[in-house]
Amino acid sequence: MADRRNDDMRPDPFDGGRIRYNHSPGEPRGPMPDFDAWQEEGGAPPPGLAPARRLPRISMRWIMRGLGAILILLVLLIAWLAITAPLSQSLKPPTPPSITLTAADGTPIARRGAIIAEPVDAATLPPHVREAFLAIEDRRFYSHWGIDPRGIARAAWANVGSGGVRQGGSTITQQLAKNAFLDSDRTAARKIREVFISFWLEAWLSKDEILSRYLSNVYFGDNVYGLRAASKHYFGRAPEKMNIGQAAMLAGLVKAPSRLAPTSNLKGARERQAVVVGAMVDAGFLTKREADDVQPQRVLASRPQQLPSGTYFADWILPEARDQAGEIKTEATVRTTLDRGLQRTAERAIKQAGLRQAQAALVAMTRDGKVVAMVGGRDYKKSAFNRATQARRQPGSTFKLFVYLAALRAGMSPDTIVDDSPVEIAGWKPKNDDNRYLGEITLQRAFQRSSNVVAARLTQEVGVRNVIRAARDLGISTPIANEATIGLGTSEVSLIELTAAFAGVAEGRYPVQPHGLPDTRDKSWYSALTGGQKTLPNRIHDDMLTLLAASVRGTGRAAALSVDAYGKTGTSQSGRDAWFVGFAGDLVVGVWVGNDDNTPNPGLHGGGIPARIWRNFMVSALDLQPVTKAPVVEDVDPEAGLVGVLQDQVAPIAGELNDLGMDLQIGPDGSVSISRPRDEEPLGRREEEPVLGAEPQYLPSAANPPDRRGPPPGRGRGRGNGNGNGNGRGRND
């Protein structure tokens, strides 16, 4: 075979990289000149030599590289979408589904979240239901690939003609991409992502699957998401049973669901329904005659009873209820520990306290921590702030529970003699509220009268660290200062934690965990070994009950019941916070009263309004008879005052006395009121509106006692402060 170099043929610049050149006719052929020879002749190639063209070869190489880069980017984009936007996301609701909370008896008490039902299957829906949405939202849905150029052009032309954004060109696939994967920002980057996700959805899902997911997620107003939930919410029927008019009305809501919701704008919803019916005619889905037969639709005449959307208890327990329910795909129902009867009793007790500007909170739980009632404020509509769980306030003398527990742990007993006399600790001089000091008294007497100096001495004797330890053991988690003043309640606590601490004493096991869902406490063996409940020794438990019972006969006498009751009063400086926490039967209840802005309440104390709220709740909750015999008065206590003592002493003679130149009325619970007869001059001033809404307790001033023979000279008026602390004062006008 002849050598190809000696053949006459056209130059082939791609033949193995060899360069060929042409010879003139009749010119002998020879070897190709050496490259160096070209350079010696000034760099010009020899005559007749034409260099090959490399441009086509270079262009093809870059084209192949570009195609490879595009392929790699496409693979990376698909991988990114698979990771960040899984297909399962398009089936999830755009907002948390509804969760309904029920009381212990199964009665619904609150609902949170959106109303969502099971997804729909577009393939099983009646044709007119699908066609209503296609006619108004995306007529070429079954023919495009995720975006509709004709629809975009039509919307752009309409917007240019109207001078603003009047129409949108988004397809149903794009709307699903936006609702399921993206936010609502109107940016170019979001729109680009929307287009890519739309292509991806079209590649992986069938048209019926895309339509099904869209109809299952779209918003229809009234906090309702999805076609099935909307059809039941507005018409009380399944989407498979809707007529043409109902389908058209729901399809029309998609444009402006909040504004067109038929429950609040039936006229607008019907007008939009007519627009959708007209679109169905234009798209060929309905004949003109069929459209004329469609009637304006009605929504449910009687709406389902609306559950309360906000209560203090529901707000507190909702996060835990969602955790217990797990991933919620449709509406879920969670049973709580709330007792509806006790909740009504608690709300009534707060309401009947007659508070003016002051706020109040109440928590009731069983001894094992099951919360059965909670009031976080006087009016949830005005303030959703939960003062039972969120507020941190100074507990005053209720914190002495931990001081005395530390003392009992140190070997003391209720009969231990302590010193109730002034003391100075590192420059701090605590004082008793009534400036009375009894010298050597028993531990029980000191707790009964809530002696501040004894609490300070005990804190110093047993050690601040042991007092803090006692508080931590009983479940107090808020910060506690490492100083002697904590014995008087200077560190802040929450009402629910303080109430749970008293529950630990009542149960004899600690700590007690407050819970609003049944069987949520950790009962594993690991928890029992590492952080489970511990038992109070019998001696300490009995001694604590002795102290708490004595307190009800002392500063807490207004909380006395016809059964054994245990508790402790507390008052912070200047009456900013007033507390009563105690237990009777199986209930442990804590009450707090004060101002949100922490301003003083002159005359407010734990043995007054909080103790009476506690008593009123307990009497009703435990179905008790009112106290007919007052507890024995063992001392005039700092937080009770003169009125409390007089109440207890006169309670057994409840009735009226009209022969003393006055009307003296004594209630069965010991409340006292004095008023003058209509035909006599005033003897003592009657307070028409007691401070903080306390029960009427009208007594002559201790400095200006009543004269049984008639009014005293002049116009002296005895005036109590109206909250039951008995610090009366007289004044002459």
Task: Donor-acceptor under 3.5 Å (Asn601 side chain, Gly594 main chain) - done: no
Task: Nearest heavy atoms of Arg348 and Ser620, plus distance in Å - done: NH2-OG, 3.5 Å
Task: side chain to side chain contact (heavy atoms under 4.5 Å, CB included) partner of Phe502, the single match among Val581, Val512, Leu474, Val589 - done: Val581
Task: Distance in Å, Asn538 CG paired with Asp543 CG, rounded so as to fall on 0.5 Å steps - done: 10.5 Å
Task: Heavy-atom side-chain proximity of Leu458 to Leu443 below 4.5 angstrom - done: yes
Task: Donor + acceptor pair across side chains of Ser421, Arg457 (<3.5 Å) - done: yes
Open item on the list: Is a donor from one side chain sitting under 3.5 angstrom from an acceptor on the other, for Gln444 and Thr442?
Closed with: no
Open item on the list: Are Arg393 and Trp579 packed together at the side-chain level, in the sense that at least one heavy-atom pair is separated by less than 4.5 angstrom?
Closed with: yes
Open item on the list: Please determine whether the number of non-hydrogen atoms from other residues, nucleotides or ligands lying under 6.0 Å from atom CD of Glu424 exceeds 12.
Closed with: yes
Task: Min side-chain heavy-atom separation Arg615-Leu561 under 4.5 Å - done: yes
Open item on the list: How long is the straight-line distance from OG1 of Thr333 back to CZ of Arg111, given to the nearest 0.5 Å?
Closed with: 8.5 Å
Open item on the list: Taking CZ in Arg539 as the centre, count heavy atoms belonging to other residues, nucleotides or ligands within less than 6.0 Å. Is the count above 12?
Closed with: yes
- [ ] Measure the spacing between CD of Gln394 and CD1 of Ile486 and express it to the nearest 0.5 Å.
- [x] 12.5 Å
Open item on the list: Regarding Ser477 and Glu497, do their side chains bring together a donor and an acceptor under 3.5 Å, going by distance alone?
Closed with: yes
Task: Contact check, side chains of Tyr404 and Val462, non-hydrogen atoms, under 4.5 Å - done: no
- [ ] Determine whether Thr569 and His605 make a side-chain contact, defined as any pair of heavy atoms from C-beta on separated by less than 4.5 Å.
- [x] no
Open item on the list: For Leu362 versus Leu495, what's the shortest heavy-atom pair and its separation?
Closed with: N-CD2, 3.9 Å
- [ ] Give the minimum heavy-atom separation between Val467 and Phe399, together with the two atoms involved.
- [x] CG1-CE2, 4.0 Å
Task: Point-to-point distance, once rounded to the nearest 0.5 Å, from CD of Glu507 to CG of Asp368 - done: 6.0 Å
Task: Closest non-hydrogen atom pair, Thr485 against Glu483 - done: OG1-OE2, 2.8 Å
Open item on the list: Testing the basics here: between Arg387 and Gln359, what is the closest heavy-atom pair and its distance to 0.1 Å?
Closed with: NE-CG, 3.4 Å
Task: Residue from Val371, Val334, Leu101 passing side chain to side chain contact (heavy atoms under 4.5 Å, CB included) with Leu517 - done: Val334
Open item on the list: Any non-hydrogen side-chain atom of Arg445 less than 4.5 Å from a side-chain atom of Asp420?
Closed with: no
Task: Lys534/Asp473 ion pair, N-O < 4.0 Å - done: no
- [ ] Report yes if some heavy atom in the side chain of Asp315 is under 4.5 Å from a heavy atom in the side chain of Asn386; otherwise report no.
- [x] no
- [ ] Examine the side chains of Ser413 and Asp415 and answer whether a donor and an acceptor come within less than 3.5 Å of each other.
- [x] no
- [ ] Give a yes or no on whether Gln573 atom CD has more than 12 heavy-atom contacts from other residues, nucleotides or ligands under 6.0 Å away.
- [x] no
- [ ] Please check if any side-chain donor atom of Ser397 sits under 3.5 Å from a side-chain acceptor atom of Ser450, or the reverse.
- [x] yes
Task: Heavy-atom donor-acceptor pair, Arg367 side chain to Ala506 backbone, under 3.5 Å - done: yes
Task: Residue among Leu338, Asp586, Leu587, Thr345 satisfying side chain to side chain contact (heavy atoms under 4.5 Å, CB included) with Val372 - done: Leu587
